[in-house]
Amino acid sequence: MKPVNLDFDAMRNVDIRTVQRSELVDINVLDIKTSLPFIEKVHDYLTQTDNAYCFLCGDVIIKVSHSKTTTTLTDCMEEIIRSL
């Protein structure tokens, strides 16, 4: 695997209100090889994007974030289902 120069803090701090669309990759054009082991898939994704947290999906700017907690996505989904 070729080294990837990552500044996750800079990626995470991108403001979607001011980011230049031309700097973002459309996630629809990525070609992630799903047969690879997990760590290699992550590397494949990171080498194809300039920002792991902010990208385009068609015409929409997407910014991924998460809270620093031990609660998992599964926990959250179960809580939502229980509340219905």
Side-chain angles (χ1 to χ4, degrees):
M1 287 189 287
K2 74 177 188 176
V4 180
N5 184 17
L6 301 173
D7 183 350
F8 286 111
D9 287 331
M11 289 181 201
R12 190 174 17 255
N13 292 326
V14 166
D15 186 338
I16 65 171
R17 297 168 295 183
T18 58
V19 69
Q20 296 297 314
R21 286 179 176 273
S22 60
E23 296 175 6
L24 302 176
V25 173
D26 190 329
I27 200 161
N28 293 310
V29 301
L30 299 182
D31 182 26
I32 307 298
K33 295 159 191 70
T34 57
S35 61
L36 295 174
F38 175 74
I39 194 69
E40 291 179 33
K41 281 191 271 193
V42 171
H43 183 269
D44 196 23
Y45 172 77
L46 293 172
T47 58
Q48 293 183 55
T49 62
D50 293 327
N51 188 326
Y53 292 90
C54 193
F55 49 85
L56 290 172
C57 185
D59 292 332
V60 179
I61 297 174
I62 305 292
K63 183 169 181 187
V64 177
S65 65
H66 58 86
S67 53
K68 294 182 180 187
T69 178
T70 58
T71 305
T72 66
L73 178 59
T74 301
D75 296 336
C76 292
M77 294 304 293
E78 287 175 359
E79 185 63 31
I80 290 169
I81 291 168
R82 274 193 218 109
S83 69
L84 298 176

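Not a single donor-acceptor pair under 3.5 Å links the side chain of Lys63 to the backbone N or O of Asn13.
Ile16 and Ile27 end up in different hydrophobic clusters when Ile, Leu, Val, Met, Phe, Trp and Tyr side chains are linked at under 4.5 Å. Each of Leu46 and Leu36 belongs to its own hydrophobic cluster when Ile, Leu, Val, Met, Phe, Trp and Tyr are linked at side-chain heavy-atom distances under 4.5 angstrom. Taken together through direct or relayed side-chain contacts under 4.5 Å among Ile, Leu, Val, Met, Phe, Trp and Tyr, Met11 and Leu24 form parts of separate hydrophobic clusters. At a threshold of 4.5 Å between side-chain heavy atoms, the hydrophobic network of Ile, Leu, Val, Met, Phe, Trp and Tyr places Val64 and Val42 in one connected group. Ile62 and Val19 fall into different hydrophobic clusters, where Ile, Leu, Val, Met, Phe, Trp and Tyr residues are linked whenever their side-chain heavy atoms come under 4.5 Å apart, directly or through other members.
For Asn28 against Gly58, the heavy-atom pair with the smallest separation is ND2-N, 3.3 Å. Heavy-atom minimum distance, Tyr45 versus Ile32: CA-CD1, 3.5 Å. Across Ile61 and Cys54, no two heavy atoms sit closer than the pair CG2-SG, 3.9 Å.
Residue pairs satisfying the salt bridge (Lys or Arg N to Asp or Glu O under 4.0 Å) criterion with at least one member in residues 44-53, sequence neighbours excluded, are listed as follows: Lys33-Asp44.
Interatomic distance, OG1 of Thr74 versus CD of Glu79, reported as 13.0 Å (0.5 Å rounding). For the atom pair Asp75 CG and Glu78 CD, the distance stands at 6.0 Å (nearest 0.5 Å).
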